[in-house]
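Quick note: numbers below take in every heavy atom, side chains included, and nothing from hydrogens, waters or symmetry partners. First listed ligand is number 1; within each ligand, the first listed atom is number 1.
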Amino acid sequence: MEYSYDDQNIFAKILRGEIPNQTVYESEHALAFRDINPQAPVHVLVIPKGPYVSLDHFARDASQEEQVGFMQAVAEVCRLTDTDGGFRAICNTRTHGVQDVPHYHMHIIGGRQLGRMLQG
Ligand code: 5GP
């Protein structure tokens with residue numbers, strides 16, 4: 001698999017500060033911010049700061065520090081938001097996974113009862 005990162009994607013612009021965001025948590029390796037079109041009371045996107053297009057790209061090529069830093073950001077998002085009742089973590093990937101933004105991101109969705117996953 002060849003991964004090609006487009007630095008003009010919207011999350012790259014958010015990381016460069018060219019587009020505002022509602023930050024929930026930020027660290028050396030990751031940024032977490034509220035989704036612009038929330039699907040539930042909690043809908044946060046966690047992204048690495050490095051140029052990775054997808055979960056599989058990140059899992060293959062990111063350093064251990066980046067990977068640990070990313071998961072620490074996920075933990076912080078869960079701590080800072082209403083997820084005690086549960087949540088869903090989603091990483092849409094490429095065409096079959098209906099990924100719109102080609103910068104790896106994990107959706108953390110919760111704060112209400114969700115339906116069962118996979119409608120399509
Ligand atoms: P995907 O389909 O790639 O998994 O999800 C991309 C997500 O990014 C969507 O839920 C969409 O609402 C969100 N999104 C797209 N543009 C922006 C933006 O400019 N700011 C924020 N905060 N979220 C965005």
Side-chain angles (χ1 to χ4, degrees):
M1 181 73 199
E2 288 266 326
Y3 300 106
S4 169
Y5 185 79
D6 170 12
D7 69 5
Q8 292 307 305
N9 78 76
I10 201 109
F11 294 170
K13 292 180 179 176
I14 284 176
L15 283 171
R16 290 195 295 267
E18 295 167 14
I19 293 174
N21 73 91
Q22 279 188 274
T23 299
V24 173
Y25 176 78
E26 182 167 14
S27 67
E28 179 186 355
H29 292 299
L31 176 69
F33 54 96
R34 299 203 179 273
D35 196 291
I36 204 167
N37 182 24
Q39 304 300 307
V42 176
H43 191 164
V44 176
L45 301 168
V46 187
I47 68 174
K49 290 191 170 176
Y52 303 101
V53 297
S54 58
L55 170 61
D56 50 334
H57 185 200
F58 184 73
R60 191 188 73 178
D61 289 351
S63 68
Q64 287 194 14
E65 287 78 12
E66 289 175 300
Q67 299 207 27
V68 169
F70 182 86
M71 293 312 286
Q72 286 174 337
V74 172
E76 286 301 311
V77 169
C78 292
R79 187 177 68 78
L80 293 165
T81 61
D82 174 22
T83 52
D84 285 1
F87 65 94
R88 185 168 294 152
I90 300 173
C91 302
N92 298 318
T93 304
R94 293 193 288 284
T95 306
H96 286 180
V98 195
Q99 179 179 6
D100 289 329
V101 180
H103 181 112
Y104 169 45
H105 51 283
M106 180 181 288
H107 298 253
I108 303 290
I109 300 172
R112 67 167 171 80
Q113 181 63 53
L114 303 174
R116 292 206 174 271
M117 67 175 190
L118 290 188
Q119 294 179 352

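With hydrogens and angles ignored, the 3.5 Å screen pairs a side-chain donor or acceptor of His103 with a backbone N or O of Pro48.
A 6.0 Å sphere centred on CZ of Arg88 holds more than 12 heavy atoms belonging to other residues, nucleotides or ligands. Applying the 6.0 Å contact sphere to CD of Glu28 captures no more than 12 heavy atoms from other residues, nucleotides or ligands. Heavy-atom neighbours of Glu18 CD from other residues, nucleotides or ligands within 6.0 Å: above the threshold of 12.
Applying the side chain to side chain donor-acceptor pair (under 3.5 Å) criterion to Tyr52, with sequence neighbours excluded, gives Glu66.
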Check ligand 1 against the protein and report each N/O to N/O distance under 3.5 Å, formatted as atom name, atom name, distance.
from	atom 1	to	atom 2	distance (Å)
ligand 1	2 (O)	Val98	O	3.3
ligand 1	2 (O)	Asp100	N	3.3
ligand 1	2 (O)	Asp100	OD2	3.3
ligand 1	3 (O)	Asp100	N	2.7
ligand 1	3 (O)	Val101	N	2.9
ligand 1	3 (O)	His105	NE2	3.0
ligand 1	4 (O)	Asn92	ND2	2.9
ligand 1	4 (O)	His105	NE2	2.8
ligand 1	4 (O)	His107	NE2	2.8
ligand 1	5 (O)	His105	NE2	3.3
ligand 1	5 (O)	His107	NE2	3.3
ligand 1	10 (O)	Asp35	OD1	3.3
ligand 1	10 (O)	Asp35	OD2	2.5
ligand 1	12 (O)	Asp35	OD1	2.5
ligand 1	22 (N)	Arg34	O	2.9
ligand 1	22 (N)	Ile36	N	3.4
ligand 1	23 (N)	Ile36	N	3.2

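Residue Tyr104 is tested with Asp56, Leu55, Thr93 for a side-chain contact (heavy atoms from CB on, under 4.5 Å); the sole match is Leu55.
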